[in-house]
Amino acid sequence: MWRGLLVLALFDAGGELLARAGVPVPGPVLGMGALLAFLMLRERVSGLDAAADFLLRHLALFFVPATVGAIALIPSLRHTLVPIGVALVASTLIGLVIAAVVFQLVAKDRA
């Protein structure tokens with residue numbers, strides 16, 4: 001697992017370096033793209049499965065800092081809370097409708 005975490009960290013750091021060097025794409029996106037290309041060339045990286053499973057099992061913990069930060073900013077964002085709330089509800093509903101339509105289309109093709 002540690003080797004897999006090291007591989008993920010190296011690709012993340014490489015993406016960040018490229019982004020800071022002037023590439024107009026976020027570092028994590030560059031790192032994930034490079035990891036995808038690397039994995040397409042290699043069949044397997046030992047430990048990467050275990051590292052990915054570990055990170056996915058603990059994914060909820062990664063949202064804690066963002067939630068705390070958002071709650072800390074509520075006083076300064078008080079005038080924009082209604083538009084943000086409307087956007088969140090609307091985008092969630094749109095996502096649910098699109099997912100339902102896609103599910104129905106896929107289910108119809110499989111039947």
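The residues of the chain are indexed from 1 along the displayed sequence.
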Evaluate whether atom CE of Met1 has more than 12 neighbouring non-hydrogen atoms of other residues, nucleotides or ligands under 6.0 angstrom away. yes
Indicate, with yes or no, if [Y] and [X] share a hydrophobic cluster defined by side-chain heavy-atom contacts under 4.5 Å among Ile, Leu, Val, Met, Phe, Trp and Tyr.
X	Y	answer
Val101	Leu93	no
Leu55	Phe38	yes
Leu59	Leu35	yes
Leu6	Val45	no
Leu10	Val29	no

Atom CG of Leu39 and atom CZ of Phe11: how far apart are they, to the nearest 0.5 Å? 7.0 Å
Give, for atom CG of Leu77 and atom CD1 of Ile71, the distance between the pair rounded to the nearest 0.5 Å.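 Between atom CG of Leu77 and atom CD1 of Ile71 there are 12.0 Å.
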Are Asp53 and Arg57 packed together at the side-chain level, in the sense that at least one heavy-atom pair is separated by less than 4.5 angstrom?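 Touching, per the 4.5 Å side-chain cut-off.
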Return the set of residues passing salt bridge (charged side-chain N to carboxylate O under 4.0 Å, His left out) with Arg44 (not counting sequence neighbours), or none when no residue passes.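 Arg44 satisfies salt bridge (charged side-chain N to carboxylate O under 4.0 Å, His left out) with Asp49 once adjacent residues are dropped.
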How close do Pro26 and Ala19 get, counting heavy atoms only, and between which atoms?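 Closest pair (atom of Pro26, atom of Ala19, distance): C-CB, 4.3 Å.
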Smallest separation among heavy atoms of Gly4 and Ala51, with atom names: C-CB, 3.7 Å
Please determine whether side chain to side chain contact (heavy atoms under 4.5 Å, CB included) holds for the pair Val106 and Arg110, giving the CA-CA distance in whole Å, both sets of side-chain angles, and the decisive distance to 0.1 Å. CA-CA 6 Å; Val106 170; Arg110 288 186 165 234; 4.3 Å; yes
Step-by-step side chain to side chain contact (heavy atoms under 4.5 Å, CB included) determination, Ser76 to Leu73: CA-CA 5 Å; Ser76 62; Leu73 290 175; 3.9 Å; yes
Candidates Leu18, Leu17, Asp12 - the one meeting side chain to side chain contact (heavy atoms under 4.5 Å, CB included) with Leu30: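 For Leu30, the side chain to side chain contact (heavy atoms under 4.5 Å, CB included) test succeeds with only one of Leu18, Leu17, Asp12, which is Leu18.
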